[in-house]
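I have a structure I would like to understand better, so I am pasting it below and will then ask my questions one at a time.
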Amino acid sequence: MIIQKEITLKSRKRGFHIITNEILNEFPELNQINVGLINIFIQHTSASLTLNENVSPDVRSDMEAHFNKMVPENAPYYEHTLEGSDDMPAHIKSSLLGPSLTIPIKDGRLNLGTWQGVYLCEHRDFGGSRRVVVTINGE
Amino acid sequence: MIIQKEITLKSRKRGFHIITNEILNEFPELNQINVGLINIFIQHTSASLTLNENVSPDVRSDMEAHFNKMVPENAPYYEHTLEGSDDMPAHIKSSLLGPSLTIPIKDGRLNLGTWQGVYLCEHRDFGGSRRVVVTINGE
Amino acid sequence: MIIQKEITLKSRKRGFHIITNEILNEFPELNQINVGLINIFIQHTSASLTLNENVSPDVRSDMEAHFNKMVPENAPYYEHTLEGSDDMPAHIKSSLLGPSLTIPIKDGRLNLGTWQGVYLCEHRDFGGSRRVVVTINGE
């Protein structure tokens with residue numbers, strides 16, 4: 001059984017945000033899957049998806065602080081600058097973190113570790129709502 | 001239905017290159033898939049795959065500039081230096097960007113965002129032709 | 001055919017370690033799969049998985065050296081510090097490298113390149129044993 005849905009996430013400010021439940025709420029069918037995989041794919045090049053710690057807000061803010069240092073705005077070698085100083089860093093961060101996650105499904109639930117949550121990584125100052133394509137392949 | 005093919009990409013110079021069509025041209029079967037996933041996997045450890053902006057060449061050159069700064073050649077702590085100054089940075093960049101992409105398929109086409117293209121990230125000065133394994137799982 | 005197993009990896013010290021055989025040893029079923037995909041997923045947020053060079057130990061130690069420089073301990077902007085100076089860098093490194101790998105299967109074997117091996121990236125000083133979920137989808 002393959003199920004695919006496109007979901008529009010609500011708009012969020014620049015930074016790292018937990019969206020596990022916002023996605024799962026759109027998939028009541030998940031509890032019929034005994035075993036399989038779920039792929040979550042973001043259709044953008046200035047926002048990305050990752051898994052990380054799902055409790056402490058300071059993990060998310062430290063991620064934002066570190067990525068801003070590792071991929072700074074206004075680096076002297078950027079030539080792609082017309083869309084604002086946050087744009088080229090957003091493209092780089094997106095590729096560093098990646099556009100998709102593939103997570104195992106077991107007994108109708110995501111087979112995540114205890115502390116893992118799905119993060120939307122919003123790299124633009126005003127990214128607006130973001131679209132993800134979610135594909136479940138299971139039985 | 002699972003289809004798997006091995007594709008040899010033409011040789012490219014060091015940098016980031018759009019290869020979406022070079023891959024799709026090998027898959028006329030794609031238009032028979034209503035829903036599914038495509039996995040594109042590179043069989044190398046000094047080149048990688050990512051998705052990013054598919055129009056502006058300066059996004060690709062800025063990516064190259066930034067990765068060269070973030071992962072410099074001749075770092076004093078590198079010990080793996082026998083294969084040239086571009087080799088160890090190529091290994092690190094490959095793991096940062098990753099060896100594969102999984103992209104949803106819908107109605108016979110890749111379900112990408114408007115501005116997303118598949119990048120071959122060639123991290124060696126003379127990497128030669130690169131092999132990718134493409135696997136479609138769909139119905 | 002979908003097969004899913006949870007594997008507990010033996011405890012390893014901080015750094016990059018090849019675990020290809022430790023995983024394959026748990027999957028005698030692999031040789032029945034003519035074509036498909038294997039997903040290896042780590043259920044942690046302070047360790048990660050990648051593919052890289054499978055021969056030279058100095059590639060693994062140079063990876064450790066570079067990631068420690070790119071994501072240092074005790075950065076002045078970290079606020080998530082209660083669990084030790086190695087904790088927040090471990091979260092960041094995990095997202096940079098990623099929690100899972102999807103690798104093609106062909107003729108009963110992983111369809112890897114000659115020099116590719118599966119790395120466990122242990123980012124904590126004392127991470128203990130790590131759990132991975134391995135899912136094969138093939139025929």
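We name chains A, B, ... by the order of the sequence lines, and we start the count at 1 in each one.
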Which heavy atom of B:Ile2 sits nearest a heavy atom of C:Asn137, and at what distance?
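So the two residues come closest at CD1-O, 4.2 Å.
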Mind checking which of residues 74-98 of chain B sit less than 4.5 Å from chain C, heavy atom to heavy atom?
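Residues B:Tyr77, B:Tyr78, B:Glu79, B:His80, B:Met88, B:His91, B:Ile92, B:Ser95, B:Leu96 are the ones that qualify, each having a heavy atom under 4.5 Å from chain C.
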Pairwise side-chain contact, C:Thr102 with B:Phe41, heavy-atom cut-off 4.5 Å (strictly under):
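No, every pair of side-chain atoms sits at 4.5 Å or beyond.
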Using non-hydrogen atoms and a 4.5 Å limit, figure out which bit of C:Ile105 sits close to chain B: side chain, backbone, both or neither.
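The backbone, not the side chain.
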What residues of residues 19-40 of chain C sit under 4.5 Å from chain B when you count only heavy atoms?
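Within residues 19-40 of chain C, the residues under 4.5 Å from chain B are C:Val35, C:Gly36, C:Leu37.
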Check: C:Gln116 side chain, B:Ile42 main-chain N or O, donor-acceptor pair, under 3.5 Å
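Side chain of C:Gln116 to backbone of B:Ile42, a donor-acceptor pair under 3.5 Å: yes, one is there.
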Just checking heavy atoms, which of residues 53-73 of chain B are less than 4.5 Å from chain C?
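Residues in range: B:Met70, B:Val71, B:Pro72.
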C:Leu101, C:Ile103, C:Thr114: which one forms the most heavy-atom pairs within less than 4.5 Å of chain B?
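That would be C:Ile103.
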Above 12 or not: heavy atoms from other molecules or residues under 6.0 Å from NZ of C:Lys5?
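Result for NZ/C:Lys5: enclosed.
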If you look only at pairs with a residue in residues 104-123 of chain B, which of them pass as a salt bridge (charged side-chain N to carboxylate O under 4.0 Å, His left out), with sequence neighbours excluded?
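As it turns out, the salt bridge (charged side-chain N to carboxylate O under 4.0 Å, His left out) pairs with a partner in residues 104-123 of chain B, which skip direct neighbours, are A:Glu6-B:Lys106, B:Glu122-B:Arg130.
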